[in-house]
Amino acid sequence: MTINIRALAAKCCYAVIDQGRSLSDELPKQQDKLIGKDKGLLQEICYGVLRYLPELENDVRHLVQKPIKGKQRVFHFLLLVGVYQIRYMRIPDHAAVSETVAATKPLKNSHMKGLVNAVLRGFLRTLEAESKVSGSDKNLPDPIKYNHPSWFIKKVQQSYPEQWQSILEANQNRPPMWLRVNQQHHSIEQYQALLNEADIEIAYIEPHSQAIALAKALDVAKLPGFDQGWVSIQDGAAQQAALLLDCQPNDIVLDCCAAPGGKTCHIIEQTSNITSMTAIDIEEGRLTRVHENLERLKLKATVIAGDAATKDWWSGELYDRILLDAPCSGTGVIRRHPDIKWLRKADDIEKLVILQQQILDNIWSLLKPGGTLLYVTCSILPEENCQQVSRFIEQNEDAQLIAIRNDSPDTDEASIGWQLLPDTKNMDGFYYAKLLKTK
């Protein structure tokens, strides 16, 4: 029996938007029912619907007499799936319509067949009419025009008055696939040669971290030596962390909120002769990925399920270096996780800021005098970043800000930390602040 991909996509989008579930959790469940290229098609549809949700809902709103609610609600998302295919994918219109209409059967309501067919054919006529009118989207409200929630648009406008549009546009782009070469096995030049031999095209190499962006994403199994730990997948912005922490031989190192373990592993790769690495995360289930990454890369660390806001897990040993990858809004990685736009709410930010304060205050007490703490988020919101660090420095006289990369045009020596915006050198949005404990 052939599994209808559009039905799976509708279920997945329904679970994310109406039930508040993470796309990272829901998509693999549906992909497990498919094989080969069908997995990629399902991902493309789900990611696309979530990227363009307000626009697609606006398209459908004009074609449905009454909103679809209750037990039939999944069919609202089936309509969005159909409209996304027609508007943005290269699937022929007739195939997009017929496959989406056919999804009503596995969704166990063939009575909806007529409605789905009528709406999608009505949308085709709408598109044809649109093509004859120039500038038809100019009067759309910003949430529809930019495909972001209004609260977030306002925050970005306030924080980045000259860049807000480019930030929102960057969030709609597909992220590149970035590689981190394990230089315990190969130099960057040696691994570049292996990629060339495998006919894998490189788009860009970030000069500071030597992170490699590929011209096209591919299955990790096709990367030379992936199973042997020669290379890992990690965004170029995230690869700055291990370099900025700058661990030295014999350091005792802590990675807080460490899952899935990419930064933990990178630190050990960079400085294999540290005395010890401890990685903690509050969610024990997520630590499975940390163990898997350590095992594939043949690295060792002490992995603990623990709350970084408390000392319940702590052995009593102070650390020379601490990486605090703080829980945050994730607003710098929306292009990689488009569901963040709809799962994150305006009142979440204040709660996150309070949690970050609690963790930062607690973890600072575990740092040796003369030690270094690197505060990291994948957020672009000043409340979580420069304002958070500025508050901490004001309240802790033993905290001294260390300028980051003041030789780089990306940074200002006088700024509080280093804010990377989405699409800077095609990297994710990240924030870094480096603090020295003076006494």
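Starting from 1, each residue takes its place in the sequence as its number.
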**Item:** Separation of L214 CG from I212 CD1 (nearest 0.5 Å)
**Value:** 7.5 Å

**Prompt:** Do any N or O atoms from the side chain of Q43 and from the backbone of K39 form a donor-acceptor pair under 3.5 angstrom?
**Reply:** no

**Request:** Check whether any side-chain heavy atom of I380 lies under 4.5 Å from a side-chain heavy atom of Y160, and answer yes or no.
**Result:** yes

**Message:** Walk me through whether Y146 and W164 qualify under ring pair (Phe, Tyr, Trp, His ring centres under 6.0 Å).
**Reply:** CA-CA 11 Å; Y146 293 104; W164 69 272; 5.2 Å; yes

**NZ or CZ of R296 within 45° of F226 ring axis and under 6.0 Å** = yes

**Message:** When you measure from the side chain of Q388 to the backbone of I354, do you find a donor-acceptor pair of N or O atoms at a distance under 3.5 Å?
**Reply:** no

**Message:** Does Q183, at its CD atom, have more than 12 non-hydrogen atoms belonging to other residues, nucleotides or ligands within less than 6.0 Å?
**Reply:** yes

**Prompt:** For the side-chain contact (heavy atoms from CB on, under 4.5 Å) test, which of T372, V253, T278, D255 pairs with Y319?
**Reply:** T278

**Request:** Measure the shortest side-chain to side-chain distance between D251 and T275 over non-hydrogen atoms and say whether it is less than 4.5 angstrom.
**Result:** no

**Request:** For Q240 and E206, test the side chains for any donor-to-acceptor distance below 3.5 angstrom and give the result as yes or no.
**Result:** yes

**Message:** Assess the residue pair L41 and R6 against the criterion (side-chain contact (heavy atoms from CB on, under 4.5 Å)); give the C-alpha distance rounded to whole Å, side-chain angles, the decisive distance to 0.1 Å, and a yes or no.
**Reply:** CA-CA 9 Å; L41 177 57; R6 282 75 180 173; 4.2 Å; yes

**Item:** Main-chain N/O of L50 paired to W342 side chain as donor or acceptor, under 3.5 Å
**Value:** yes

**Item:** Polar side-chain atom of H291 near backbone of R289 as donor-acceptor pair, under 3.5 Å
**Value:** no

**Request:** Step through the shown structure and confirm whether more than 12 heavy atoms of other residues, nucleotides or ligands are within 6.0 Å of CD on Q19.
**Result:** yes

**Heavy-atom closest pair, residues L56 and G48** = CD1-O, 4.5 Å

**Prompt:** Does W364 have its ring centroid less than 6.0 Å away from the ring centroid of Y375?
**Reply:** no

**Asked** Donor-acceptor pair, K434 side chain versus A403 backbone, under 3.5 Å?
**Response** no

**Asked** For the side chain of E384 and the backbone of S329, is there at least one donor-acceptor N/O pair under 3.5 Å apart?
**Response** yes

**Item:** Check: Q234 main-chain N/O paired with Q239 side-chain donor or acceptor under 3.5 Å
**Value:** yes

**Prompt:** Any side-chain heavy-atom pair from L223 and M177 closer than 4.5 angstrom?
**Reply:** yes

**Message:** Return the NZ to OG distance between K155 and S150, rounded to the nearest 0.5 Å.
**Reply:** 12.0 Å

**Message:** More than 12 heavy atoms of other residues, nucleotides or ligands under 6.0 Å from CD of Q72: yes or no?
**Reply:** yes

**Message:** Among R180, R335, K425, K263, exactly one meets salt bridge (charged side-chain N to carboxylate O under 4.0 Å, His left out) together with D235. Which residue is that?
**Reply:** R335

**Asked** Do the charged groups of K29 and E26 touch, with an N to O distance under 4.0 Å?
**Response** yes

**Message:** I want to check something: taking the side chain as every heavy atom from C-beta on, are K300 and L294 in contact at a cut-off of under 4.5 Å?
**Reply:** no

**Message:** Taking the side chain as everything from C-beta on, heavy atoms only, tell me whether D307 gets closer than 4.5 Å to I280.
**Reply:** no

**Prompt:** Would you say the side-chain atoms of Q248 pair up with the backbone N or O of D246, donor to acceptor, closer than 3.5 Å?
**Reply:** yes

**Prompt:** Counting heavy atoms not belonging to K33, are there more than 12 under 6.0 Å from its NZ?
**Reply:** yes

**Request:** Without swapping roles, check the side chain of Q172 against the backbone of R51 for a donor-acceptor pair under 3.5 Å.
**Result:** yes

**Asked** Can you check whether K368's main-chain N or O pairs, donor with acceptor, with D320's side chain at less than 3.5 Å?
**Response** no

**Asked** Is atom NZ of K154 surrounded by more than 12 heavy atoms (other residues, nucleotides or ligands) closer than 6.0 Å?
**Response** no

**Item:** side-chain contact (heavy atoms from CB on, under 4.5 Å) evaluation trace for R87 with L127
**Value:** CA-CA 8 Å; R87 191 179 273 285; L127 273 186; 3.8 Å; yes

